[in-house]
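The sequence lines fix the lettering, A, B, ..., with proteins before strands; numbering per chain opens at 1.
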There are 2 protein chains.
Amino acid sequence: MSVATVSRTLAGNYPVSDATRARVTAAVEALHYVVNVHAKALSGRVAGPVALVLQDITGPSLAHVAAGAEQEAAARGRLSLVCATHSDQDREDDLVQLMREQHAAAVVLVGGAVLDDGYQARMAEYARALDAAGSRLVLCGRPPLPGDLPVTVVEYDNRGGAFQAVDHLLGAGHRRVLFLAGEPLNTSAEERRTGYRQALRAHGVDYAGELDIPGPYTRVSGYQRTRAALDEGLDFTAVFAGTDVVAVGALAALREAGLSVPGDVSLVGFDDVPFAADLTPALTTVRVPYEDLGRTAVRLALERENRLAGDDHVVLGTQLVIRQSVRPPK
Amino acid sequence: MSVATVSRTLAGNYPVSDATRARVTAAVEALHYVVNVHAKALSGRVAGPVALVLQDITGPSLAHVAAGAEQEAAARGRLSLVCATHSDQDREDDLVQLMREQHAAAVVLVGGAVLDDGYQARMAEYARALDAAGSRLVLCGRPPLPGDLPVTVVEYDNRGGAFQAVDHLLGAGHRRVLFLAGEPLNTSAEERRTGYRQALRAHGVDYAGELDIPGPYTRVSGYQRTRAALDEGLDFTAVFAGTDVVAVGALAALREAGLSVPGDVSLVGFDDVPFAADLTPALTTVRVPYEDLGRTAVRLALERENRLAGDDHVVLGTQLVIRQSVRPPK
DNA sequence: CTCCGACCAGTAATCGTTTACCGAGCGGCG
DNA sequence: CGCCGCTCGGTAAACGATTACTGGTCGGAG
């Protein structure tokens, strides 16, 4: 029996007699035969995997994006490669190169990025290099790139979310809102800052630079910045944390200082991570549809593969979830 | 210039004149050339990827295992495929088949499993099939298989961890400890139950079946089971939750019933997820080295690849983290 | 009885690399 | 001056599948 016969039998789209079909399946059983993807990919084409590139898998929001993306990829018969960069730019460069070699269908860069000098040129380079290799670059949770690049962008409304959060605080009567921002130049952080300032302006409150404190989106940074603000005697009655994780740190610092939340200080977060509702007090925060974000990113990239049509820019909305960490100032 | 020259130049392990090297690199630049992994894999060998198979990426403990595994894999130059099964056995079967085709170096099954009738036969089948395809099956967070199978097992001390937790409660004077177990036949759950019972015996306390309540490791189940126990008027002064997430649900139910933790009821969890310390009260729980678990799983599997030697069974220890959710009964 | 078409199976080219083997050019040494 | 060996580049086989093309067998129709 020739290899051609076996191949056709397994493919199933060619007339094969029942006798040979039986012989083939029997041999497959006996020899534990499995096709070799590499060989298969070389001739008839195999659908490429989806690559998920993120800073850290354990971050609650990033994990949800990854979960959504994996789910969508699996539903479309793709495997998902997930890679952590730990904010290492060289690693990201390597990964893009690797994914070209792997013939990934899509390379999804997840999460905000620091918008430094080389950023846009680097992304443009990624987009072109991946496009030339037949892969699609997807930016997920970061803003679009200028120019006409082969890239798909799926973002969410950071500015609007922040606006809602701060509007809620100001609507309750607060005027001095400490903003625990993100890192300087971080795209998400900047957009949230814009929302913060717009809400301030909408309520006729002057922006006070000393209340806008940058720092990483981590628990300990939230704790330290809040603690420092308290030690400096900064005047504020509410805190808008750039992230729920930061809010948790802030909560710890406030409590440690003998301040009650929301009795003395109100607190709003961002992300609506699963445990936000389980804090004491339950955290009022901005819900971001993270799983949707991941699903949409993969869906758009994979839809592009076939027909040329299709969106290549989507903005998902956010939603303020009111719980129990906000109260009018005393 | 022949392809052979190009290949050798790029490989770099063959004498090539500077002139040709320059020509090659120039052409690579100009044509945006990248090697094709599939072709490469067909001839000279390419190191296979690591496959991480877990129920759900967003579970805090599973995410940490995945992060550790990905990190170790990346450090060894491997890509990581991550796949969610959502507890679907057929999907798991498909995945094992897929990974054979992919020539994965290791297939890591992460998290406890339900030990039903077919379980061991199925795992044995996986182990043999993967072994025949040159892959290594790794069981991560579940017990070893009987018999002499080509499988690597990396587990942690569920029984010992549960013992420590319950011992701590009993040592504080509690005698009626509600156990919010896992699902019936789930390996982790059964081991934790064993630890619970052993601790009881060690303190001369009789095991009371009505205090041992099975259910899924979810927040809502923790809430519902605690609520039901309260409604039934069950007598208990402490709760040992099979998981921190379950503990969170229990905490909500207790609080809703007007009971203070740890004033009226003490509470211990399991896992030490990141937010455990941020609950009110900070949760006393059992720390499991999840990242280590993932790293070790990948390390052992990959070490096997070369030399035949190496461990194929490791048990990692757990550690009781005492915080503020336990107090002697009134 | 012959011829044609349907049905089935084999031959060989192809995908993109790697690498064993071969051979050409050339410099040094006897 | 001739031979040897080193340097460097080409030829071709192999990896494992898919598939166009070819060809053989058999049944039915003319």
Colleague: Choosing from dG9(D), dT17(C), dA17(D), which nucleotide comes nearest the side chain of V16(B)?
Modeller: dG9(D)
Colleague: For dC8(C) and T5(A) - does any side-chain N or O of the residue sit under 4.0 Å from the phosphate oxygens OP1/OP2?
Modeller: no
Colleague: Remember a base hit wins even if backbone is also touched, and classify V37(A) as base, sugar-phosphate or nothing at under 4.0 Å, heavy atoms.
Modeller: nothing
Colleague: With a cut-off of less than 4.0 Å, is there a side-chain N or O of S7(A) near OP1 or OP2 of dA17(D)?
Modeller: no
Colleague: Checking contacts here: which listed nucleotide (dA9(C), dG9(D), dG16(D)) is nearest the side-chain heavy atoms of Y14(A)?
Modeller: dA9(C)
Colleague: Of V3(B) and R23(A), whose closest DNA chain C nucleotide lies nearer the 5' terminus?
Modeller: R23(A)
Colleague: Starting at CD of E101(A) and ending at P of dT18(C), how long is that distance when rounded to a whole Å?
Modeller: 10 Å
Colleague: Expressed in angstrom and rounded to an integer, what is the separation of K40(A) atom NZ from dT17(C) atom P?
Modeller: 21 Å
Colleague: Should the side chain of S43(B) and the base of dT18(C) be counted as holding a donor-acceptor pair, with the cut-off at 3.5 Å?
Modeller: no
Colleague: Rounded to the nearest Å, what distance is computed from the CG atom of residue D18(A) to the C1' atom of nucleotide dC7(C)?
Modeller: 13 Å
Colleague: Could you check whether D271(B) and Y290(B), counting side-chain N and O atoms only, form a donor-acceptor pair closer than 3.5 Å?
Modeller: yes
Colleague: Whole angstrom is fine here: how far is it from NE2 in H103(B) over to P in dC15(D)?
Modeller: 14 Å
Colleague: Identify whether the distance between the nearest side-chain nitrogen and carboxylate oxygen of D94(A) and R91(A) falls below 4.0 Å.
Modeller: no
Colleague: In terms of the nearest nucleotide of DNA chain C, which residue is placed more toward the 5' end: A4(A) or H38(B)?
Modeller: A4(A)
Colleague: Would you indicate what V34(B) reaches in the nucleic acid, counting non-hydrogen atoms under 4.0 angstrom: base, sugar-phosphate, or nothing?
Modeller: sugar-phosphate
Colleague: Quick one: R8(B) CZ to dT19(C) C1', roughly how many Å, whole number?
Modeller: 8 Å
Colleague: Closer than 4.0 angstrom, basic N to acidic O: yes or no for E305(A) and R78(A)?
Modeller: yes
Colleague: How many Å lie between CG on L10(B) and P on dT18(C), as a whole number?
Modeller: 7 Å
Colleague: So for Y33(B) and dG16(C), does any side-chain atom that can act as donor or acceptor lie under 3.5 Å from a complementary atom in the base?
Modeller: no
Colleague: Applying a 4.0 Å non-hydrogen cut-off, can you work out what V6(A) is touching in the nucleic acid: base, sugar-phosphate, or nothing?
Modeller: nothing
Colleague: Will you find, in the side chains of R136(A) and T152(A), an N or O donor that is under 3.5 Å from an N or O acceptor?
Modeller: yes
Colleague: Kindly point out which of dC21(D), dC15(D), dT11(D) is positioned nearest to the side chain of L42(B)?
Modeller: dC15(D)
Colleague: Here's a test of your reading of the structure: between A39(B) and S17(B), which maps to the more 5' nucleotide of DNA chain D?
Modeller: S17(B)
Colleague: In whole Å, I'd like the distance from the CG atom of N36(A) to the C1' atom of dG16(C).
Modeller: 14 Å
Colleague: Do the side chains of D131(B) and R128(B) get close enough for a salt bridge, i.e. N-O under 4.0 angstrom?
Modeller: no
